[in-house]
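The structure appears below as structure tokens.
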Amino acid sequence: MSPEVLDTPVTGTAKAPDRALSRARAARRRKLLVNTARVVLLVAVLGLWEALSRAKVIDPFNFSMPSKIWDQIATWVMHGTALGSLGEQVWYTLYEALLGWLVGVVAGVLLGIALGRIGLLAEVLGPYIKVLNSIPRIVLAPIFLIWFGLGPSSKVASAVVLVFFPVFFNAFQGAREVDRNLVANARVLGASDRRVTLQVVIPSATSWIFTSLHVSFGFALIGAIVGEYIGATKGIGLLVAQSQNTFNAAGVYAAMVILAVVALAAEGLLTFAERRIFRWKPAGSDS
């Protein structure tokens with residue numbers, strides 16, 4: 001055997017790490033480019049907004065300007081709000097949203113998996129769920145306020161109804177989309193219905209469920225904010241209502257910025273948890 005033939009596999013093997021390193025560098029460059037473009041876009045939008053407001057092209061009283069919004073946030077952070085410290089308002093809203101999100105997710109997953117697995121139950125409850133889903137759920141907030149009062153319970157209820165349906169439909173569809181061969185193989189191996197559900201159906205539906213979790217926490221925040229806006233004793237939604245009543249546009253935008261930060265932080269935590277759970281998936285696959 002000639003030396004050239006012996007060297008060929010070694011050369012091919014040596015090139016593999018180079019290709020991987022090249023792909024990693026390209027991915028880092030693209031990530032840097034994307035992050036830079038995001039920052040430039042944000043700065044451009046805020047700068048244009050500030051310039052148009054100062055030039056009175058747009059009404060600064062109604063539209064405010066980024067510098068005033070920043071001053072409002074700084075004032076709330078350093079001196080608190082009329083309702084108390086800013087941290088207390090954020091925590092109050094976050095508590096309502098988190099509790100409503102957890103209850104809505106658990107209820108949606110359990111009922112979605114149950115109806116996905118039990119055909120008779122799906123046929124009986126299906127029409128009622130469709131009717132409830134057709135009701136604009138935001139209009140239920142005043143009803144919850146009458147039922148549960150100004151405390152956190154009415155906001156939690158609003159968050160629950162907003163979270164439940166997207167999670168339910170994803171869990172239901174995930175249970176229906178399970179590979180029938182997996183279920184058949186599990187039954188051949190002697191698995192009971194309970195073991196099939198716990199060890200085959202639920203793991204297979206996890207991707208569907210996580211997809212809904214990213215959207216549903218935003219819905220939970222909306223439910224809490226709307227409930228606080230209608231009637232509350234604390235919370236970011238009440239800050240929005242008070243700012244609106246005093247024609248403080250900067251206060252309204254400042255509250256929106258704070259909510260956006262909270263939502264982005266929650267999204268980051270969910271994404272981190274999803275990546276940890278789905279470590280076995282290729283990096284480019286969607287979970």
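- Within the 3.5 Å criterion, the main-chain N or O of Asp71 finds a donor-acceptor partner in the side chain of Thr75.
- To the nearest 0.5 Å, atom CG of residue Leu140 and atom CG of residue Leu145 are 12.5 Å apart.
- Shown here for Val226 and Ala141, the closest heavy-atom pair between the two residues is CG1-CB, 4.0 Å.
- The shortest distance between side-chain heavy atoms of Trp76 and Leu239 falls below 4.5 Å.
- Between Val167 and Ser216, some side-chain heavy-atom pair lies under the 4.5 Å cut-off.
- Taking CD1 from Ile225 and CG from Leu238, the interatomic distance works out to 10.0 Å, rounded to the nearest 0.5 Å.
- With Ser154 contributing its side chain and Gly149 its backbone, the two residues share a donor-acceptor pair below 3.5 Å.
- Looking at every heavy atom in both residues, Ala224 comes nearest to Glu96 through CB-OE1, 3.9 Å.
- Separating the CZ atom in Arg38 from the CG atom in Leu41 is a distance of 10.5 Å, to the nearest 0.5 Å.
- The distance from atom CD1 of Ile69 to atom CD1 of Ile258, rounded to the nearest 0.5 Å, is 11.0 Å.
- Although no hydrogens or angles enter the test, the distance criterion places no donor-acceptor pair under 3.5 Å between the side chain of Lys234 and the main chain of Pro152.
- No more than 12 heavy atoms of other residues, nucleotides or ligands lie within 6.0 Å of OH in Tyr95, so this atom counts as exposed by the packing criterion.
- Ser53 places no side-chain N or O within 3.5 Å of a backbone atom of Glu50 that could act as its donor or acceptor partner.
- With contacts defined as side-chain heavy-atom distances shorter than 4.5 Å, the pair Val156/Phe148 does not qualify.
- Between Phe164 and Phe168, the ring planes are parallel. Angles under 30° get that label, and only those over 60° would be called perpendicular.
- At least one donor-acceptor pair under 3.5 Å links the side chain of Glu228 to the backbone N or O of Ile236.
- For residues 124-143, no residue pair satisfies the ring-ring contact (aromatic ring centres under 6.0 Å, His included) rule, not counting sequence neighbours.
- Note: Phe165 CZ to Lys130 NZ = 13.0 Å, rounded to the nearest 0.5 Å.
- Interatomic distance, CG of Asp59 versus CE of Met65, reported as 9.5 Å (0.5 Å rounding).
- Between Leu52 and Ile58 there is a side-chain heavy-atom pair separated by less than 4.5 Å.
- Side chains of Gln242 and Asn248: a donor-acceptor N/O pair is absent below 3.5 angstrom, by distance only.
- Residues meeting the ring pair (Phe, Tyr, Trp, His ring centres under 6.0 Å) test with Tyr92, sequence neighbours left out: none.
- Judged by distance alone, with hydrogens and angles left aside, the side-chain atoms of Ser85 form no donor-acceptor pair with the main-chain N or O of Thr81 at under 3.5 Å.
- Looking only at distances, a side-chain donor or acceptor of Ser134 sits under 3.5 Å from a matching main-chain atom of Val131.
- Residues passing the ring pair (Phe, Tyr, Trp, His ring centres under 6.0 Å) test with Tyr253, sequence neighbours excluded: Trp49.
- Between the Asn35 side chain and the Lys31 main chain, a donor and an acceptor come within less than 3.5 Å of each other.
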